[in-house]
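To start, the structure itself, in structure tokens.
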Amino acid sequence: MSDTPDHLVLPVDAVSAGRLAERGLHYRLLDTADESAYAAWIRADERGFHGPASNDEQNAFSRAAMGSRRTTGVWDPQSVLIAEPVATVNSWPVELSVPGETTVGAWAISSVTVSPTHRRRGIARSLLEGELRTAQRLGLPIASLTVSEATIYGRYGFGPATTAADWRIDSRAAGWLGDEPDGRIDFIPVEDYARIAFALHEAARTARPGEVDGWPERWRQFAGLRPGDGDAAGVRTVQYREDGEVRAAAAFRVVEEPQREEHSVRVLHLDSTTPSARLGVLRFLLSLDLVTRVDASLLSVDEPLRWRLADQRAAEVTVRDHEWLRILDVPRALEARRFSGAGRFRLDVSDDLGLATGRWLVESDADGVVRVGDAGHDDDAPLLRTDVATLGSLYLGGVAVTTLADAGRTAGSDAEAVLIADRVLRSTVAPFLSFWY
């Protein structure tokens with residue numbers, strides 16, 4: 001009996017395959033073990049994101065990461081570059097952290113590209129709807145992705161569920177409030193960093209709703225260890241110890257300003273298991289000699305650093321959407337997380353694709369344990385109406401139900417249901433995802 005994961009052998013979605021075939025296009029899975037076929041697929045993917053073409057070493061590196069994923073493409077037999085797909089998508093099952101320090105299975109979608117030569121042929125629709133139906137066939141209650149274009153995915157029922165903060169700090173003006181961190185910081189080899197930081201991420205991810213399980217090659221990229229990039233020489237890596245244990249690690253690059261004794265630091269990635277260790281690493285970066293600015297992206301919106309800066313205005317913080325969720329199975333998704341106390345309401349969800357449409361009775365006890373059942377014969381509980389994209393935004397508890405109600409996203413709801421859902425759906429920990437996928 002084969003131990004190959006189902007997602008690698010499950011046939012492509014028949015509905016999408018039929019739609020594309022009517023347009024003379026071939027929709028199929030790619031065998032990543034075929035080096036030449038994979039090289040053609042990754043060229044199309046890189047072109048879609050306007051990136052440079054990878055060399056053979058780099059292709060081998062990315063194939064190692066993607067060998068356990070479902071790699072799909074759309075081919076045009078009339079194309080000059082017949083081996084290269086005109087559209088790509090890559091997907092795999094992940095553990096999505098949810099409120100209550102637990103996880104739920106989700107279908108991560110990445111590498112969604114359509115060649116500019118093949119726009120307006122329904123290819124993106126076929127790819128994304130095919131991925132959603134594939135996730136349902138695999139029994140996964142949620143699909144997830146990080147987006148480069150925010151206007152595309154709402155039409156497929158995705159809603160922004162986590163936000164990320166990009167920081168630019170004037171280290172000369174910022175100052176520091178309170179005691180200096182008392183942990184020990186050391187420079188470490190980039191090879192050790194990739195291993196240590198990945199382990200820190202895996203140890204801490206369930207405590208932060210929105211995080212997903214990582215893969216080692218991603219942390220090797222943070223360390224500049226992707227073959228052929230030549231970036232490792234410019235990457236510096238540190239670890240931070242508290243009570244003899246490594247609690248944080250960071251990769252960064254110092255960017256020199258020509259003809260000036262002023263440099264900036266670009267934080268490539270930061271992992272930590274305690275807030276104090278995280279602050280210790282950031283304090284170290286802010287205190288580097290000859291450095292006047294620290295830039296860091298994908299930090300949390302509730303980063304404690306803000307409250308240790310003597311001058312908060314020295315930090316420019318830009319907040320944007322990052323990870324988007326698409327609910328496919330409402331009962332299973334809600335029962336996988338914990339609510340913030342007891343509550344009871346009916347939930348009516350509309351879904352233009354018909355994948356998650358329905359009405360349910362949602363109940364939680366004082367411990368936040370959730371039960372979702374049929375609401376067909378229960379008219380007593382107040383009613384919350386929402387579309388599936390709004391439910392995706394609410395799912396991790398990062399936005400208040402009352403906020404979305406004020407925005408008109410819960411029209412037709414009972415006011416009491418809005419207040420109940422607002423109270424129980426909120427997360428005490430701000431949802432956050434620390435990397436792109």
Side-chain angles (χ1 to χ4, degrees), residues 95-106 140-142 144 157 159-163 204-212 300-302 323 325-351 356-433:
E95 293 181 352
L96 173 70
S97 298
V98 296
E101 298 195 10
T102 187
T103 64
V104 64
L140 294 167
I142 297 172
S144 64
T162 76
T163 51
R205 62 182 169 85
T206 58
R208 179 70 81 167
E211 287 280 19
V212 300
S300 172
V301 293
D302 64 347
E323 183 179 37
L325 299 183
R326 209 290 183 189
I327 307 299
L328 297 167
D329 185 326
V330 173
R332 287 182 58 205
L334 291 178
E335 289 178 349
R337 58 156 290 181
R338 292 292 179 265
F339 281 9
S340 298
R344 183 173 181 271
F345 60 94
R346 286 176 297 150
L347 176 64
D348 187 291
V349 179
S350 62
D351 182 352
T357 299
R359 180 176 288 193
W360 297 270
L361 178 65
V362 181
E363 300 176 282
S364 60
D365 62 21
D367 295 325
V369 177
V370 183
R371 297 177 300 278
V372 181
D374 182 13
H377 302 291
D378 193 313
D379 296 327
D380 295 333
L383 177 65
L384 178 70
R385 292 183 185 273
T386 182
D387 59 78
V388 70
T390 300
L391 183 62
S393 294
L394 291 170
Y395 179 66
L396 295 178
V399 60
V401 180
T402 52
T403 297
L404 294 187
D406 290 344
R409 299 291 294 272
T410 63
S413 297
D414 296 330
E416 183 183 0
V418 170
L419 293 176
I420 293 170
D422 183 77
R423 174 172 51 81
V424 300
L425 284 174
R426 289 203 201 197
S427 171
T428 57
V429 180
F432 174 57
L433 173 67

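Numbers here simply count residues along the sequence, with the first being 1.
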Quick check: closest heavy atoms across [X] and [Y], and the distance to 0.1 Å?
| X | Y | answer |
| --- | --- | --- |
| Ala375 | Arg346 | CB-CG, 4.0 Å |
| Phe345 | Ile420 | CD2-CG2, 4.0 Å |
| Pro431 | Ala161 | CB-O, 3.8 Å |
| Ala405 | Val418 | CB-CG1, 3.9 Å |
| Thr206 | Thr103 | CG2-CG2, 3.8 Å |
| Gly210 | Thr162 | CA-CG2, 4.1 Å |

Could you walk me through whether Leu425 and Phe339 pass the side-chain contact (heavy atoms from CB on, under 4.5 Å) test, one step at a time?
-> CA-CA 6 Å; Leu425 284 174; Phe339 281 9; 3.6 Å; yes
Interatomic distance, [X] atom [atom1] to [Y] atom [atom2] [nearest 0.5 angstrom]:
| X | Y | atom1 | atom2 | value |
| --- | --- | --- | --- | --- |
| Arg205 | Glu95 | CZ | CD | 4.5 Å |
| Glu363 | Leu334 | CD | CG | 12.5 Å |
| Leu140 | Leu328 | CG | CG | 8.5 Å |

With heavy-atom distances below 4.5 Å as the criterion, would you say the side chains of [X] and [Y] are in contact?
| X | Y | result |
| --- | --- | --- |
| Leu383 | Arg385 | yes |
| Trp360 | Val330 | yes |
| Asp365 | Arg371 | yes |
| Thr357 | Ser350 | no |
| Leu361 | Asp374 | no |

Indicate every side-chain donor-acceptor pair of residues 386-400 with a distance under 3.5 Å to a residue at least two apart or in another chain.
from	atom 1	to	atom 2	distance (Å)
Asp387	OD1	Ala389	N	3.1
Asp387	OD1	Thr390	N	2.9
Asp387	OD1	Thr390	OG1	3.2
Asp387	OD2	Thr390	OG1	3.1
Thr390	OG1	Arg409	NE	3.0
Thr390	OG1	Arg409	NH2	2.8
Ser393	OG	Pro160	O	2.8
Tyr395	OH	Ala333	O	2.6

Could you list all the side chain to side chain donor-acceptor pair (under 3.5 Å) pairs where at least one residue sits in residues 326-340, not counting sequence neighbours?
->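 Checked against side chain to side chain donor-acceptor pair (under 3.5 Å) - neighbours excluded - the pairs reaching residues 326-340 are Arg326-Asp351.
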Which residues share a side chain to side chain donor-acceptor pair (under 3.5 Å) with Asp302, sequence neighbours left out |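 Side chain to side chain donor-acceptor pair (under 3.5 Å) check on Asp302 returns Arg208, Ser300.
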When you measure from the side chain of Ser427 to the backbone N and O of Pro99, does any donor-acceptor pair fall under 3.5 Å?
->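 The answer is no, because no donor-acceptor pair under 3.5 Å joins these two groups.
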Side chain to side chain contact (heavy atoms under 4.5 Å, CB included) partner of Leu384, chosen from Val401, Asp414, Leu419 |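 Only match with Leu384 under side chain to side chain contact (heavy atoms under 4.5 Å, CB included): Val401.
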